Amino acid sequence: AYTTRPPVPPTYLFLIETTQRAVQCQLLDTFVLAMQRILPTIFASSTSRVAFMTFDSCITFYNVHPSLSQPQAHVVPDVGNAFLPLPPTHLFFKYEEVQSNIDTLLNTLPVIYKDNNTTTSCAGAAI
C-alpha cells in the first residue's frame with residue numbers, strides 16, 4: 001500500500017582536507033571562512049542536518065551534539081578498515097541546534113592543523 005509521508009530532510013556531510021599541502025595552500029582557511037559565511041544563511045531555519053569530517057592520513061569525525069560544551073573529535077586511524085565511530089544521531093544535527101559548537105569547531109580547525117606535517121591523503125577512504 002502506498003503511504004504518504006513527509007520527505008526526509010537533506011543531510012550534508014562536509015569533508016575537509018587537512019594535509020600539509022591543503023593547509024599551506026590555505027584551502028582549510030578558505031573552507032572555514034566560506035562555511036562561517038554561508039552556513040547561517042543556508043541552514044538558519046532549515047530542517048537539513050549537517051556533519052563535519054576532516055582527513056589527512058586518517059579520518060576524523062566531529063561530534064557537535066548540543067549537550068557538549070565543545071566539539072569532540074573521533075579519529076579513525078585505520079583507513080583500510082574505516083568505520084563510523086558514532087551513530088549518525090551523534091554526528092548529524094540541525095544547524096540551529098548546534099550552531100555554537102559548529103562555530104567553535106570551525107574556529108579551532110585552522111589552529112589544530114596549522115603545523116600539520118602529514119603529506120599523505122586518504123581522500124578515497126574518506127569519501
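The structure displayed is predicted, hence computed values, not measured ones.
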Quick one: do the Thr54 and Tyr113 side chains pair a donor with an acceptor below 3.5 Å?
yes

Within the distance-only criterion (no hydrogens, no angle test), does the side chain of Thr118 pair as donor or acceptor with the backbone N or O of Thr120 below 3.5 angstrom?
no

Identify the two heavy atoms, one from Val50 and one from Ile102, that lie closest to each other, and give their separation to 0.1 Å.
CG2-CD1, 3.7 Å

Membership question, hydrophobic clusters at under 4.5 Å side-chain separation (ILVMFWY): are Phe31 and Ile112 in the same one?
yes

Here the pair of heavy atoms bringing Arg49 nearest to Glu97 is NH1-OE1, 4.4 Å

Share the residues that join Met53 in a hydrophobic cluster, the rule being Ile, Leu, Val, Met, Phe, Trp or Tyr side chains under 4.5 Å apart at the heavy-atom level.
Leu13, Leu15, Phe55, Ile59, Phe61, Val76, Val79, Phe83, Leu84, Leu86, Leu91, Phe92, Ile127

Is the shortest side-chain heavy-atom distance between Asp56 and Asn116 below 4.5 Å?
yes

Could you measure the distance from the CD atom of Glu17 to the CG atom of Leu27? Nearest 0.5 Å is fine.
6.5 Å

4.5 Å side-chain heavy-atom contact, Tyr12 and Ser48
yes

Close side-chain approach of Leu106 and Leu39, heavy atoms under 4.5 Å:
yes

Applying side-chain hydrogen bond (donor to acceptor under 3.5 Å, both in side chains) as the test, list every pair that has at least one member in residues 20-40; sequence neighbours left out.
Gln36-Asn107

Would you indicate whether the side-chain heavy atoms of Pro66 and Asn101 approach each other to under 4.5 Å?
no

Run Leu28 and Ile16 through side chain to side chain contact (heavy atoms under 4.5 Å, CB included) and show every step you take.
CA-CA 7 Å; Leu28 179 58; Ile16 309 157; 3.4 Å; yes

For a 4.5 angstrom cut-off between non-hydrogen side-chain atoms, does Lys94 reach Ser46?
no

Tell me the closest heavy-atom pair linking Val64 and Leu105, and the distance in Å.
CG1-CD2, 4.3 Å

Which heavy atom of Pro40 sits nearest a heavy atom of Met35, and at what distance?
CD-O, 4.0 Å

Checking Ser67 now: which residues fulfil side chain to side chain donor-acceptor pair (under 3.5 Å) with it, not counting sequence neighbours?
His65

Verify ring-ring contact (aromatic ring centres under 6.0 Å, His included) between Tyr62 and Phe52, making sure each step is shown before the conclusion.
CA-CA 6 Å; Tyr62 295 91; Phe52 294 86; 8.0 Å; no

Just how far is it from atom CG of Asn63 to atom CD of Gln70, taken to the nearest 0.5 Å?
11.5 Å

Quick check for you: to the nearest 0.5 Å, what is the distance between His74 atom NE2 and His90 atom NE2?
9.0 Å

Hydrophobic cluster identity match, Ile38 and Val98, side-chain contacts under 4.5 Å
yes

